[in-house]
Amino acid sequence: MSEAGATSRSEGLPYAGRPALGGRPTAAVLRVACSGEGFARARVFTRDTLRGWSLDHRGDDAVLVITELISNAVTHAVPSTAAGAPEVRLGLALGPGALTLTVSDPGDNAPVFNPFNPSDGSALREHGRGLCIVDALAEEWGWTPRPSAGKTVWATLSTRSLT
């Protein structure tokens, strides 16, 4: 998702977004500090944005997907980059029938998806389940390299009601 025209919130700054028909923003972006507080802000931001888009029914799944994607970025991409104040960028985009969730990070390494294999005990492993959760909840997911450096991992959820 391009940041141009997207809604952005950072440390108390107001929304300033690209309105859709009817005046509601169709995209939102948040810079997330790599900390427990940053994770909490990302979850609140996701829920608040979805509530504003009347998508409360997708809140639990969206928050879980975002948490897994940010956790992967912080664990695998941020430590491999240059020093400084590490952060990742969370994006939400509302399209016809779909919600796209993105997490951009400075790492160039591709996400590694290790599906569960009942015969090798992988379902009991302590780490490495994040993308399995994303795969189970998302309609589709993938990743895209960013032009100068880094990548964006994305997942799409249907906006239809689950009931």
Determine, step by step, whether Thr100 and Leu157 satisfy the side-chain contact (heavy atoms from CB on, under 4.5 Å) criterion, reporting the C-alpha distance in whole Å, the side-chain angles of both residues, the deciding distance to 0.1 Å, and the verdict.
-> CA-CA 6 Å; Thr100 302; Leu157 303 178; over 6 Å; no
Co-membership, hydrophobic cluster, residues Val134 and Trp143, 4.5 Å side-chain = yes
Apply the test side-chain contact (heavy atoms from CB on, under 4.5 Å) to residues Asp60 and Arg47: give CA-CA distance (whole Å), side-chain angles for both, the deciding distance (0.1 Å), then the verdict.
-> CA-CA 8 Å; Asp60 290 341; Arg47 284 201 188 277; 2.8 Å; yes
When clusters are formed by joining ILVMFWY residues with side-chain heavy atoms under 4.5 Å apart, either directly or through shared neighbours, do Leu30 and Trp154 land in the same one?
-> no
Closest heavy-atom contact between Pro111 and Leu131?
-> CB-CD1, 3.7 Å
With side-chain contact (heavy atoms from CB on, under 4.5 Å) as the test, would you mind laying out the steps for Phe39 and Val74 before giving the verdict?
-> CA-CA 10 Å; Phe39 282 36; Val74 169; 3.8 Å; yes
Lys/Arg-Asp/Glu bridge criterion (N-O < 4.0 Å) met for Arg43, Asp48 = no
Does Lys151 come within less than 4.0 Å of Asp108, counting only side-chain N to carboxylate O?
-> no
Quick one: are Thr102 and Leu92 in side-chain contact, heavy atoms under 4.5 Å?
-> no
How far does OG1 of Thr46 sit from CD1 of Ile66, to the nearest 0.5 angstrom?
-> 5.0 Å
With a 4.5 Å heavy-atom cut-off, do Leu99 and Trp53 have their side chains touching?
-> yes
Go through the structure and list residues passing ring pair (Phe, Tyr, Trp, His ring centres under 6.0 Å) with Trp141, not counting sequence neighbours.
-> Phe113
Closest heavy-atom contact between Val32 and Gly38?
-> CG1-O, 3.3 Å
State which residues pass side chain to side chain contact (heavy atoms under 4.5 Å, CB included) with Leu64; sequence neighbours excluded, sorted by chain then number.
-> Glu68, Ile133, Leu137
Go through the structure and list residues passing side chain to side chain contact (heavy atoms under 4.5 Å, CB included) with Ser158, not counting sequence neighbours.
-> Arg58, Glu139, Arg160
Can you find a pair of side-chain heavy atoms, one from Asn72 and one from Val153, that are under 4.5 Å apart?
-> no
Atom OG1 of Thr156 and atom CG of Leu101: how far apart are they, to the nearest 0.5 Å?
-> 7.5 Å
Rounding to 0.5 Å, atoms CD1 (Ile70) and CG (Leu90) come to a distance of 5.0 Å
Where Val88 and Ala73 come nearest, the two heavy atoms and their spacing | CG1-CB, 3.7 Å
So, the side chain of Arg146 versus the backbone of Asp105: is there a donor-acceptor pair under 3.5 Å, distance only?
-> yes
Can you measure from OG1 (Thr159) to NE2 (His57) and round to the nearest 0.5 angstrom?
-> 6.0 Å
